[in-house]
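Just so we're clear, the structure is a prediction, and the values are computed from it rather than from any experiment. Chain naming here is simple, since letters A, B, ... match the order of the sequence lines and numbering starts at 1 in each.
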Amino acid sequence: MPELPEVETIVRGLKDRIVSKKVIKIEIKDKKVVSTKIKDLLPFTITNVTRRAKYLLFHTNTSTTLLCHLRMTGHFHYPQNKEEVQSSKKYLAATFTFHDNSTLTHNSIRRLGFLKPCTPNELHTLLQNLGPEPLIISKEEFYHRIAKYQTGKIKEKLMDQNVIVGVGNIYAQEALYQSKIHPAKRIDTITKTQFNLLHKHIQQILTHSIQLQGTSVKNYSHLAGKGGYQNHLQIYQKEQCPKGHATNTLTIAGRGTYYCPTCQK
DNA sequence: CAATCGTCCTGCGGGC
DNA sequence: TGCCCGCAGGACGATT
């Protein structure tokens with residue numbers, strides 16, 4: 001469920017807390033989620049934490065970078081007291097101990113994500129097919145990248161990380177609602193004006209959500225608590241749209257999709 | 001070539 | 001009350 005704003009919030013929180021810290025010990029509890037090869041790097045220093053698409057990158061003072069994808073339910077804890085230490089043990093995948101004795105845990109409920117070391121080549125291979133960042137892409141490039149899939153459904157391509165990154169199920173639905181575009185609308189029936197509107201709304205929604213530290217539905221929380229954008233959702237999991245029309249649901253690319261048949265054409 | 005399907009995984013909610 | 005089933009979904013590989 002973490003999409004761009006949630007991952008960005010987590011990255012900023014980690015950056016503030018662990019950059020320049022030296023990792024002196026790693027305990028791995030879930031080998032499926034956290035690769036034991038990370039231990040080969042010990043000891044190492046975190047030199048930066050960055051985001052690309054929905055991936056988190058932990059840069060180190062070695063040539064190896066730790067790559068993490070949270071998938072649905074991955075999260076991090078940087079506990080500050082005994083109570084937080086206790087809650088960081090739930091769904092624990094790994095604990096990193098720093099030279100100052102503070103700890104960072106990686107946790108995962110559904111265990112679909114991963115955290116693993118990558119050489120520069122491996123990193124390049126894993127990330128090379130990703131589309132452009134939605135907050136940087138121009139409206140012209142946005143149009144051209146999507147418009148070539150003439151027969152596809154618009155929501156499908158908004159969520160396709162090879163077309164444009166960072167937008168997942170929640171923000172795709174919100175952007176389409178605000179742009180008054182039906183999520184299953186064939187791409188070749190969408191006008192240039194509608195594309196421009198969609199581009200604008202995606203940027204506005206993602207920016208607003210980053211300001212509010214993301215959307216907290218179900219399992220997401222950033223390092224300092226819950227986000228605030230869930231209070232601004234207009235269509236996702238709503239029975240009525242903001243104008244009071246009854247919503248419908250349908251499945252697109254295997255994902256539940258809410259839309260307003262009155263507002264979205 | 002693009003579109004669709006199955007897979008991974010566990011918590012949760014509905015139904016009986 | 002308790003159990004079982006199916007759903008939730010991001011990304012990727014296999015299949016159509």
Are there any protein N/O atoms within less than 3.5 Å of an N/O atom in nucleotides 7-11 of chain B, and if so, which ones and at what distance?
unit_1, atom_1, unit_2, atom_2, d
B:dC9, O4', A:Arg110, O, 3.4
B:dC9, O3', A:Arg111, NH1, 3.4
B:dT10, OP1, A:Arg111, NH1, 2.6

> Of the options A:Lys153, A:Lys155, A:His182, which is the one that meets A:Thr257 in a side-chain hydrogen bond (donor to acceptor under 3.5 Å, both in side chains)?
Replying inline: A:Lys155
> Applying the 4.5 Å side-chain criterion to the ILVMFWY set and letting contacts propagate, would A:Val165 and A:Ile210 be lumped into a single cluster?
Replying inline: no
>> At 4.0 Å (heavy atoms only), tell me whether A:Ser108 reaches a base, stays on the sugar-phosphate, or touches nothing.
In response: nothing
> Atom OH of A:Tyr149 and atom C1' of B:dC1: how far apart are they, to the nearest Å?
Replying inline: 10 Å
>> With a 4.0 Å cut-off on N to O distance, would you call A:Asp188 and A:Arg186 a salt bridge?
In response: yes
> Looking at A:Asp40 and A:Lys37, does any basic side-chain N land under 4.0 Å from a carboxylate oxygen?
Replying inline: no
>> At less than 4.0 Å, is any side-chain N or O atom of A:Tyr236 found next to OP1 or OP2 of C:dG9? Yes or no.
In response: yes
>> From OH of A:Tyr55 over to P of C:dG10, roughly how many Å is that when rounded to an integer?
In response: 13 Å
> If you check the A:Lys153 side chain, which of B:dT4, C:dG10, B:dA3 turns out closest?
Replying inline: B:dT4
>> Whole angstroms only, please: what is the CG-C1' distance between A:Asp160 and C:dG10?
In response: 11 Å
> Between A:Thr105 and A:His77, does any side-chain donor sit less than 3.5 Å from a side-chain acceptor?
Replying inline: no
> Within 45° of the six-membered ring axis of A:Phe114 and under 6.0 Å from that ring's centre, is NZ or CZ of A:Lys116 located there?
Replying inline: yes
> So what does A:Lys157 touch, heavy atoms closer than 4.0 Å: a base, only the sugar-phosphate, or nothing?
Replying inline: sugar-phosphate
> Rounded to the nearest Å, what distance is computed from the CG atom of residue A:Leu127 to the C1' atom of nucleotide C:dG10?
Replying inline: 15 Å
> Centre of A:Tyr143's six-membered ring, under 6.0 Å away, within 45 degrees of the axis: is that where NZ or CZ of A:Lys192 sits?
Replying inline: yes
> A:Ile252 CD1 to B:dA2 P: how many Å, rounded?
Replying inline: 20 Å
> What is the distance from atom OG1 of A:Thr73 to atom OH of A:Tyr91, rounded to the nearest 0.5 Å?
Replying inline: 9.0 Å
>> Distance check needed: C:dC12 C1' versus A:Asn129 CG, whole Å only.
In response: 11 Å
> What is the nucleic acid contact for A:Gly254, judged by heavy atoms within less than 4.0 Å: base, sugar-phosphate only, or nothing?
Replying inline: nothing
>> Whether A:His69 contacts C:dA11 is assessed here as follows: a side-chain N or O lying under 4.0 Å from the phosphate OP1 or OP2. Is that the case?
In response: yes
> Taking CD from A:Gln150 and P from B:dC1, how many angstroms apart are they, rounded to a whole number?
Replying inline: 16 Å
> For A:Asn162, does its backbone N or O pair with a side-chain atom of A:Arg145 as donor and acceptor, under 3.5 Å?
Replying inline: yes
> Looking only at side chains, do A:Tyr259 and A:Thr249 share a donor and an acceptor under 3.5 Å apart?
Replying inline: no
>> Expressed as a whole number of angstroms, how long is the span from A:Gln161:CD to C:dG10:C1'?
In response: 8 Å
> Hey, what bend do you get for the helix from B:dA2-C:dT16 to B:dC16-C:dG2 if you fit axes on five pairs at each end, rounded to 10°?
Replying inline: 50°
>> Under 4.0 Å, heavy atoms only, any strand: does A:Gly256 hit a base, just the sugar-phosphate, or nothing?
In response: sugar-phosphate
